[in-house]
Amino acid sequence: MDTLEPGMLLLADRGLYGFDMWTRAAATGADLLWRVTSTLSPRHLETLDDGSWLAQIIPTSGKNRQQRTPLTVRVIDYTLDDGRENPEHYRLLTTILDPADASAEELALAYAQRWEIENTFDELKTHQHGPRAVLRSKFPPLVLQEIWVHLCCHYAIRTLMRDAATAGRRDPDQMSFVTALRITRRSLSHSSFSPS
């Protein structure tokens with residue numbers, strides 16, 4: 001938290017919320033947008049025009065929690081209906097209290113973008129590299145080289161996906177990395193490629 005400063009937006013997943021951690025992060029002046037469990041029940045203060053609401057949070061455990069000063073936050077509740085039988089409910093807390101600064105919809109979209117990096121890690125670790133594969137190199141410079149190779153391959157596949165999406169007038173985020181990876185592997189296995 002030492003690197004946080006005003007003008008930054010810190011996003012966090014629901015497993016990270018705690019009153020003390022929230023207090024420390026908010027004290028830096030950075031804005032916070034954290035998912036919390038939908039069972040967390042902040043005390044309602046006021047419903048805002050965009051459907052979000054102001055609330056107070058307090059510590060839920062610890063010594064002297066009754067004497068701690070409550071903090072005002074803005075709560076954004078929404079459900080993603082993506083066709084599943086039980087759509088997932090989201091509850092976000094933010095330090096951005098005024099909807100004129102960022103609407104509930106803008107903040108929900110920002111939180112969704114946070115998953116882009118998680119998806120990239122999954123593409124690299126699980127699909128491209130393989131769940132049981134480890135880096136084979138035994139020396140630090142070669143480990144770095146192997147990591148760079150994986151990153152360059154990922155970049156090349158993502159570039160092909162972007163080009164295909166552009167040609168087909170589709171959103172690249174809607175394309176399957178796993179499918180693109182399989183097509184690339186199949187194409188390379190049928191070619192007589194010389195690395196020289």
message: Donor-acceptor pair, distance only, cut-off 3.5 Å: does the side chain of Thr166 make one with the backbone of Arg162?
response: yes
message: Counting only heavy atoms from other residues, nucleotides and ligands, does the tally under 6.0 Å from CE of Met8 exceed 12?
response: yes
- prompt: Same cluster for Leu48 and Val73 if Ile/Leu/Val/Met/Phe/Trp/Tyr side chains link at under 4.5 Å?
  reply: no
field: All side chain to side chain contact (heavy atoms under 4.5 Å, CB included) counterparts of Thr28, not counting sequence neighbours
entry: Leu4, Ala30
message: Apply side-chain contact (heavy atoms from CB on, under 4.5 Å) to residues Val36 and Ile57 and explain how you reach the verdict.
response: CA-CA 12 Å; Val36 295; Ile57 55 172; over 6 Å; no
message: Test of understanding: clusters of I, L, V, M, F, W, Y form through side-chain heavy atoms closer than 4.5 Å, transitively. Do Leu10 and Val75 belong to the same one?
response: yes
message: If you count every heavy atom of other residues, nucleotides or ligands that lies below 6.0 Å from Asp98 atom CG, does the total exceed 12?
response: yes
query: Between Leu11 and Trp34, what is the shortest heavy-atom contact and its length?
result: C-CD1, 4.1 Å
From NE2 (His154) to NE2 (His127), nearest 0.5 Å: 10.0 Å
task: Check whether Trp148 and Val143 end up in the same hydrophobic cluster, where Ile, Leu, Val, Met, Phe, Trp and Tyr are linked by side-chain heavy atoms less than 4.5 Å apart.
output: yes
- prompt: Side chains of Phe177 and Asp122: does their closest heavy-atom pair fall under 4.5 Å?
  reply: no
- request: Go through the steps for Gln128 and Cys153 under the test side-chain contact (heavy atoms from CB on, under 4.5 Å), then give the verdict.
  value: CA-CA 9 Å; Gln128 180 180 318; Cys153 287; 3.6 Å; yes
- request: Working to the nearest 0.5 Å, report the span between CG of Asp77 and CZ of Arg91.
  value: 4.0 Å
- request: For Leu71 and Trp22, work out which heavy atoms get closest and say how close.
  value: CD1-CD1, 3.7 Å
- request: Would you check, one step at a time, whether the test side-chain contact (heavy atoms from CB on, under 4.5 Å) holds for Tyr17 with Thr37?
  value: CA-CA 9 Å; Tyr17 171 79; Thr37 62; over 6 Å; no
- prompt: With side chains defined as the heavy atoms from C-beta onward, is the minimum distance between Glu123 and Leu181 less than 4.5 Å?
  reply: no
- request: Describe, in one word, how the ring planes of Tyr78 and Tyr90 are oriented to each other, choosing from parallel (under 30°), tilted (30 to 60°) and perpendicular (over 60°).
  value: parallel
- line: Rounding to 0.5 Å, atoms OG1 (Thr179) and CD1 (Ile157) come to a distance of 11.5 Å
task: Please report the closest heavy-atom contact between Thr94 and Leu97, naming both atoms and the distance.
output: O-CD2, 4.0 Å
field: Nearest non-hydrogen partners of Leu32 and Ala26, listed with the distance
entry: CD1-N, 3.7 Å
message: Out of the candidates Asp31, Leu33, Asp50, only one should pair with Leu107 under the side-chain contact (heavy atoms from CB on, under 4.5 Å) rule; please name it.
response: Leu33
- prompt: Sequence neighbours excluded, which residues qualify as side chain to side chain contact (heavy atoms under 4.5 Å, CB included) partners of Gln174?
  reply: Arg170, Asp171
message: Contact between Leu40 and Leu93 at the side-chain level, heavy atoms closer than 4.5 Å - yes or no?
response: yes
field: Partner set under salt bridge (Lys or Arg N to Asp or Glu O under 4.0 Å) for Glu106, not counting sequence neighbours
entry: none
message: Strictly below 4.0 Å, N to O, side chains only: are Asp101 and Arg74 in salt-bridge contact?
response: no
query: With Asp13, which residues qualify under salt bridge (Lys or Arg N to Asp or Glu O under 4.0 Å), at least two apart?
result: none
message: Rounded at 0.5 Å granularity, tell me how far CD in Glu105 sits from CD1 in Ile76.
response: 11.0 Å
- request: Grab the two heavy atoms, one from Ile58 and one from Pro70, that are nearest each other, plus how far apart they are.
  value: CG2-CB, 3.7 Å
query: What distance do Ser187 atom OG and Arg182 atom CZ have between them, rounded to the nearest 0.5 Å?
result: 14.0 Å
task: Just jot down the side chain to side chain donor-acceptor pair (under 3.5 Å) partners of Ser38, sequence neighbours excluded, or say none.
output: none
- prompt: Which residues satisfy the side chain to side chain contact (heavy atoms under 4.5 Å, CB included) test with Tyr155, sequence neighbours excluded?
  reply: Thr159
Over all atoms of both residues, closest heavy-atom pair of Ala164 and Met175: CB-CE, 4.0 Å
- prompt: Does Ser41 use its side chain to pair, donor to acceptor, with the backbone of Thr39 at less than 3.5 Å?
  reply: yes
- prompt: Out of curiosity, Leu92 CG to Arg35 CZ, how far, rounded to the nearest 0.5 Å?
  reply: 8.0 Å
